[in-house]
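Here the structure comes first, spelled out in C-alpha cells, and everything after it is commentary.
Values reported hereafter were calculated over all heavy atoms of this structure, with side chains retained and with hydrogens, waters and symmetry mates removed. Reminder, nothing fancy here: chain letters follow the sequence lines and each chain counts from 1. Given the structure is predicted, the values throughout are model-derived calculations rather than measurements.
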Amino acid sequence: MFDNLTDKLDKAMHVLKGHGSITEVNVADTLKEIRRALVDADVNYKIAKEFTSRAKEKALGQGVLTTLKPGQLLTKIVKDELTELMGGDVTGLNLTGNPTVILMSGLQGSGKTTFSGKLANFLKTKKSKRPLLVACDIYRPAAIDQLHVVGESVGVEVFSNRDEKDPVKISEAAIAHAKQNGFNVVIIDTAGRLAVDEEMMTEIANVHAAVKPQETLFVVDSMTGQDAVNTAKAFNERLNFDGVILTKLDGDTRGGAALSIKSVVDKPIKFIGTGEKMEAIDVFYPSRMADRILGMGDVVSLVERA
Amino acid sequence: EKTKTTFFDKLGKAVAGKSKVDADVLDDLEDVLISSDVGVATTIKVIDRIEDRVAKDKYLGTTELNGILRDEIAGLLSEVNNGDATDFTIPKQEGPYVVMVVGVNGVGKTTTIGKLAHQFKQKGLKVVLGAGDTFRAAAVDQLQIWADRVGVEIVKQDMGSDPASVAFDTLQSAVAQNADVVLLDTAGRLHNKVNLMNELTKVKRVMQKIIPDAPHDVMLVLDGSTGQNAFEQAKQFTAATEVSSLAVTKLDGTAKGGVVIGISDQFQIPVRYIGVGEGMDDLQVFNKTEFVDSFFN
Ligand SMILES: Nc1nc2c(ncn2[C@@H]2O[C@H](COP(=O)(O)OP(=O)(O)OP(=O)(O)O)[C@@H](O)[C@H]2O)c(=O)[nH]1
Ligand SMILES: Nc1nc2c(ncn2[C@@H]2O[C@H](COP(=O)(O)OP(=O)(O)OP(=O)(O)O)[C@@H](O)[C@H]2O)c(=O)[nH]1
Ligand SMILES: [Mg+2]
Ligand SMILES: [Mg+2]
C-alpha cells in the first residue's frame, strides 16, 4: 500500500519524460495519480481535488521557462503547495492566563486523556509550570481512575469529584481549587463525543462558555479517514477551537486527515502524540507532515531519477 | 433520506434507456464511495463492474440499476459474509468458546467485549472475561466495571503483569467453571510495533496449553472512522494472530466505515458486529444490505 505513490508517480512521470514542457494533456494523468495518492493517504477527496487543480494552475503557468524537467517541476510544485497548506511555522500554546485553562475535546478514543497527561508533564518539566489535571469525563467506565493513574505517573495532581455529574461544576470547582493552591495551568479532560450527539456537544459548549479556556484543543486520531472534515468542522463550529492535536503518529498512517482538517478549519496543529508513554509528545512540524502525507522519501527519489 | 433518493434518482435518470453509464453519475458514485472510506482501488473495482453490467444488459430501468449498484458493492462482502446472521450466536462445542479481541489503540475493544458479554449472557451463556490489557492506565478497572454492569465473571491480575499469564489463568478458570464463552481483552497496540505484535502471538500460544484449538475466534476491532490505514492493520494483525472476524465500531457517528469492504474482500474475513454507541445494547450483528445502504444516506 505504501509503495503506491512511488508506483503511481513513476508511471505518471514516464508519460512526462521526453516532453519538453508541461501541457494540459500530459499533466492531466500525473495530477490524477497525485490526487489518487492523496486520497489513498486519507486526504478528503474534495480537498484533494481542489489541491490538484491548484497545483495544475501553477504547473501550466511555469512550464516552459524552467530548467527543471517537467517531472521534477511538477513534483516540486506539489511538495511546495502541500507544505504551504500544512501551515508555516510551529505554533505554541497561549499560556498567559492566570491560571491558563486548557480544554480537551474530541471523538471517543482519540487520545484526550493520554494527551492531557503528556501535556501536563511537558508543561511541568519543560515550561516550569504547575499544572492541575481535571477529570470531567463522567461517562466512560474508569475514566476518572485512568486520569488519576496518568496524573500520578507524571507527578501532577488530579482534581475529581465522583459525586458530581455536571462537568461545568467540576471544572469551575477545579479552577477555584487551582487559584487557591497556586496551580497556574488547568488541563480539563473531557469525555469523548460524536459531533452528531447534540446533548454531548451542548455539554462541552457549556463547559467552554463557563471556563473560557485560553486553549481549546481538538484531539484527533491521525488514522482518521474521510470523516475528519465533518468532525473537525462540527467541533469548530461549537467550540471555535484554538488548535489541533494529532495522535498515534507512531503508527504507519500517512495522516492525510491532517491536511483535510487544516484546509477545512484553518487552525494550527500544535502537538503530535507519538506513543503511549508520557514522554511521547512533540511539537508539530508542518513540513515534516507534508513529507509524510506525500511519502516524501519516495518523491525525493523520483526527482533524483527524473 | 433526501440524498439517498436524489442519488438513486439521478443514477436512474442518467442511465435509463442508455447503454453506457454517464460520466457524471459515475463521478457521483465515486464521490459517495470515496467519502465512505471505501478507498480508490475498491471504488474503481465497483465502478468497473457496474459499467460492465450496464454494457452487457443494455437499457436497464432505475429499479434494476439501484439493485445492481447495491449488489455489486455488497458482492465484495458476500463471499465471506453469506447468510447474514441475525443473532448473536457461537458454534456449539465442548468446552469454552474462546474469543481473543485485538486491535490498535482506542478502537473500542474493551467496550465491544462488554457489549458482547451482555448479549451472550442474555442468551443464557456463561461468560468469563479475561483482563489481558495490563498496560494501559486503568484498563483492568474499565473491564471490571463492564463485568459488574453486565454481571459476568472476570479473571484479572495486577497491572503490569504478563498478559499471557492472564490469558492462561482465564482459560483455566473458564474450564474449571464450565463456562461457555471466554472474551479476552488485549491492550491496544499499533500494528507496526513488532514486539507488541509478537506478544500477541505468544498470548495465543499460551492459551493453547489449556485448550489446544483456542482461540476459536480472533476478532479484530476496527474504528469505523479509520481511513485506509485499516488495511495495514488487518494485514499485520492477521499475520500475527490469524484474524478470523471483524467488528466495526463507532458507526453511530457520521463515518461510514467503508474501508471494511475492501478488507473483507482482500483478506476474506467476515464482518461480524458493528458498534453503534457506548451503551451495553449498542452492538448489532452486521447486515450487509443495511451497511451498504448507509453510504447513500
Ligand atoms: N500508540 C499511541 N497510542 C496512543 C497515543 N495517544 C493515545 N494512545 C492510546 O490510545 C488509546 C486511547 O487513548 P485515551 O487517552 O484513553 O483516549 P481518549 O480520547 O481519552 O478516549 P475516551 O475518553 O474514551 O474518549 C489508549 O490506548 C492510549 O494509550 C499515541 O500518540 N500513540
Ligand atoms: N460512539 C461510540 N463510541 C464507542 C463505540 N465503541 C466504543 N466507543 C468508545 O470509544 C472509546 C474507546 O473504547 P475502548 O473500548 O476503551 O477502546 P479500546 O480499544 O479498548 O482502547 P485501548 O484499550 O485503550 O486500546 C470509549 O470512550 C468508548 O466508550 C461505539 O460503537 N460508538
Ligand atoms: Mg478519555
Ligand atoms: Mg481496552
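Contacts of V107(B) with chain A are absent, with no heavy-atom separation under 4.5 Å from either backbone or side chain. With a threshold of 4.5 angstrom between heavy atoms, D145(A) approaches chain B through its backbone and through its side chain. Of the atoms belonging to Q142(B), heavy atoms from both backbone and side chain fall under 4.5 Å from chain A. For Q233(B), the part lying near chain A is the side chain, with the backbone staying farther off; criterion is any non-hydrogen pair under 4.5 Å. The part of K193(B) that comes within reach of chain A is its side chain, from C-beta onward, which places non-hydrogen atoms under 4.5 angstrom from that chain. At a 4.5 Å heavy-atom cutoff, the contact between N192(B) and chain A is made by side-chain atoms alone. Using a 4.5 Å cut-off between heavy atoms, R35(A) contacts chain B through its side chain alone, with no backbone atom that close. Looking at D250(A), both its backbone and its side chain come within 4.5 Å of chain B, counting heavy atoms on both sides. Within the 4.5 angstrom heavy-atom criterion, atoms from both the backbone and the side chain of A41(B) approach chain A.
Here the straight-line distance linking atom CG of D221(A) with atom OG1 of T226(B) works out to 6.0 Å at 0.5 Å rounding. We find the CG-CE distance between N105(B) and M223(A) to be 6.5 Å, quoted to the nearest 0.5 Å. Of the inter-residue distances, the one linking D37(B) atom CG with D42(A) atom CG reads 6.5 Å to the nearest 0.5 angstrom. Considering CZ of R140(A) and CD1 of I145(B), their distance stands at 10.0 Å, rounded to 0.5 Å. Taking NE2 of H191(B) as the reference point, atom CG of D252(A) lies at 3.5 Å (rounded to 0.5 Å). Here the CD1-NZ distance, from I34(B) to K46(A), works out to 13.0 Å after rounding to the nearest 0.5 Å.
The neighbour count for Q122(B) CD, taken as heavy atoms of other residues, nucleotides or ligands under 6.0 Å away, is above 12.
Between chain B and the residues A41(A), G255(A), G251(A), A257(A), the most heavy-atom pairs under 4.5 angstrom are made by G251(A). No other option in T254(B), D223(B), D31(B) has as many heavy-atom pairs under 4.5 Å with chain A as D31(B).
A donor-acceptor pair shorter than 3.5 Å cannot be found between the side chains of D227(A) and S225(B).
Side-chain contact between T114(A) and R136(B): absent, with no pair of heavy atoms (C-beta onward) separated by less than 4.5 Å. The shortest side-chain heavy-atom distance between I44(B) and R36(A) falls under the 4.5 Å cut-off. For the pair D141(B)/Q146(A), no side-chain contact is recorded, criterion being any heavy-atom separation below 4.5 Å from C-beta on. The shortest distance between side-chain heavy atoms of K248(A) and V104(B) does not fall below 4.5 Å.
Listed here is the closest heavy atom pair of V149(A) and A138(B): CG2-N, 4.3 Å. Shortest non-hydrogen contact noted between Q228(B) and V39(A) is CG-O, 4.3 Å.
At a threshold of 4.0 Å, the pair D27(B)-K49(A) does not count as salt-bridged, since none of the basic side-chain nitrogens sits closer than that to a carboxylate oxygen.
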